[in-house]
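The residues of the chain are indexed from 1 along the displayed sequence. Atoms considered below: every heavy atom in the structure, side chains included; atoms not considered: hydrogens, waters and symmetry mates. Remember, it's 1-based here, ligands and their atoms both numbered in the order they're listed.
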Amino acid sequence: MRPARAQIDLAALRHNYRLARERHGARALAVVKANAYGHGAVHCALALAAEADGFAVAFLEEALVLRAAGIRQPLLLLEGVFEAAELAEVAREGLWIVVHHEDQVRMLETTPMAAPIHVWLKVNTGMNRAGFAPAEVGTVWARLKACRQVADITLMTHFARADEPQVITTADQIECFQEATANLPGARSLANSSAILGWPDARRDWARPGILLYGADPMPAPDNGLKPVMTLESAVMAVREIAVGEALGYGGRFVAQTPTRVGLVAMGYADGYPRTVPDGTPVSVGGKPSRIIGRVSMDMLTVDLSALPTANIGTRVELWGTEVPVNRVAAAAGTIAYELLCNVKRVRLEYIG
Ligand SMILES: *Cc1c(COP(=O)(O)O)cnc(C)c1O
């Protein structure tokens, strides 16, 4: 069997969820959209079901998978609904929905539903992507309140730059939210992972931790005690020596300056490992630090075994996880851990804890 796999540590996931809730000091919706950032939404939600206050996904179809798997907790659709027809299912399954633009308000006003639903009214406090302008919030709140089909209204916003501790815009967004919602009753929710970790002023009734649940710290100086959940690993499948001047792999990007012992590893960009990483990107081979050499191919990649004479066919290779932080690979690839984790595919997901 091909040795490529992603091991998912559910005990680490629970540890991170508890840490989020302790830091924030209130209830927390575990964000399991995009198949729990590549970790398997059903497994992750079931692992948290005994303690999570609720869950959040992006849209209806993601929620239905969780309901079908027996998740009965509150379950919020972060994008809300796309068409009125979805509201019947939202009511039937007892889902919560974000309302972030005018069409969604009108759908609620004009669609009869079997049961009233809980809505999260989204305020645009400066990200300028989704949500109502601060000046509109009072009017929209009153319209929602007047809907027979609306049970409860939570007020929310989302930060653009909470992962940058020195940047003032997060404080501005908090203040903007305060002013826009000062006279409105109901629960509040501001904080994503980086705000939970870095912005105590953003603490309210509900947090919405995503990436931190999976142990990839979004803050620049991470010392928050998160545990990595996914370990992406494979093994050496062949070994060869290349001589000085010989090129390795597509494009001949790596050229040996000294005799180089090359390990061929069963992992490629079709598995979600980023093709964009340069030579020197960290990997761990048999528990020891090594580096990517040569371009990543679809099914394989190559690592430097020159300093690891005992590494051989079958030696375990960790691409990221407990030995190689996924943030380091993301930085090498010019992206963020979110994207790498979401992109994992084709490899087996194996659960422990
Ligand atoms: C995805 C998402 C989150 C989680 O963000 P993280 O940075 O992963 O913690 C929170 N809130 C909203 C609205 C989201 O879309």
Mind listing the side-chain donor-acceptor pairs of residues 219-230 below 3.5 Å, one per line with the distance, residues two or more places apart or on another chain?
unit_1	atom_1	unit_2	atom_2	d
N224	OD1	R23	NH1	3.3
N224	OD1	R23	NH2	3.0
N224	ND2	D217	OD2	2.7

May I have a table of the N/O to N/O pairs between ligand 1 and the protein that fall below 3.5 Å, each row giving the two atom names and the distance to 0.1 Å?
unit_1	atom_1	unit_2	atom_2	d
ligand 1	7 (O)	Y338	OH	2.6
ligand 1	8 (O)	Y37	OH	2.6
ligand 1	8 (O)	I211	N	2.8
ligand 1	9 (O)	S193	N	2.8
ligand 1	9 (O)	S193	OG	2.5
ligand 1	9 (O)	G210	N	2.9
ligand 1	11 (N)	H158	ND1	3.4
ligand 1	11 (N)	R208	NE	2.9
ligand 1	11 (N)	R208	NH2	3.4
ligand 1	15 (O)	K33	NZ	2.8

Item checked: Listed once per pair and sorted, the side-chain hydrogen bond (donor to acceptor under 3.5 Å, both in side chains) pairs that draw on residues 262-283, sequence neighbours left out ->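 Passing the test, one end in residues 262-283: R2-D271, R253-D279, D271-R346.
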
Note to self: Is it true that H100 and R129 share a donor-acceptor pair across their side chains at a distance under 3.5 Å?
What the structure shows: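 R129 vs H100: no donor-acceptor pair found between side chains.
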
Notebook entry, point to check: Is E102 salt-bridged to R143, going by a charged N under 4.0 Å from an acidic O?
Noted result: yes

Next item on the list: Inspect the surroundings of OH in Y250 and state if more than 12 heavy atoms from other residues, nucleotides or ligands are less than 6.0 Å away.
Entry: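 No.
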
Report all side-chain donor-acceptor pairs from residues 32-39 shorter than 3.5 Å, counting only partners two or more places apart or in another chain.
unit_1	atom_1	unit_2	atom_2	d
N35	OD1	A41	N	2.8
H39	ND1	A36	O	2.9
H39	ND1	Y37	O	3.0

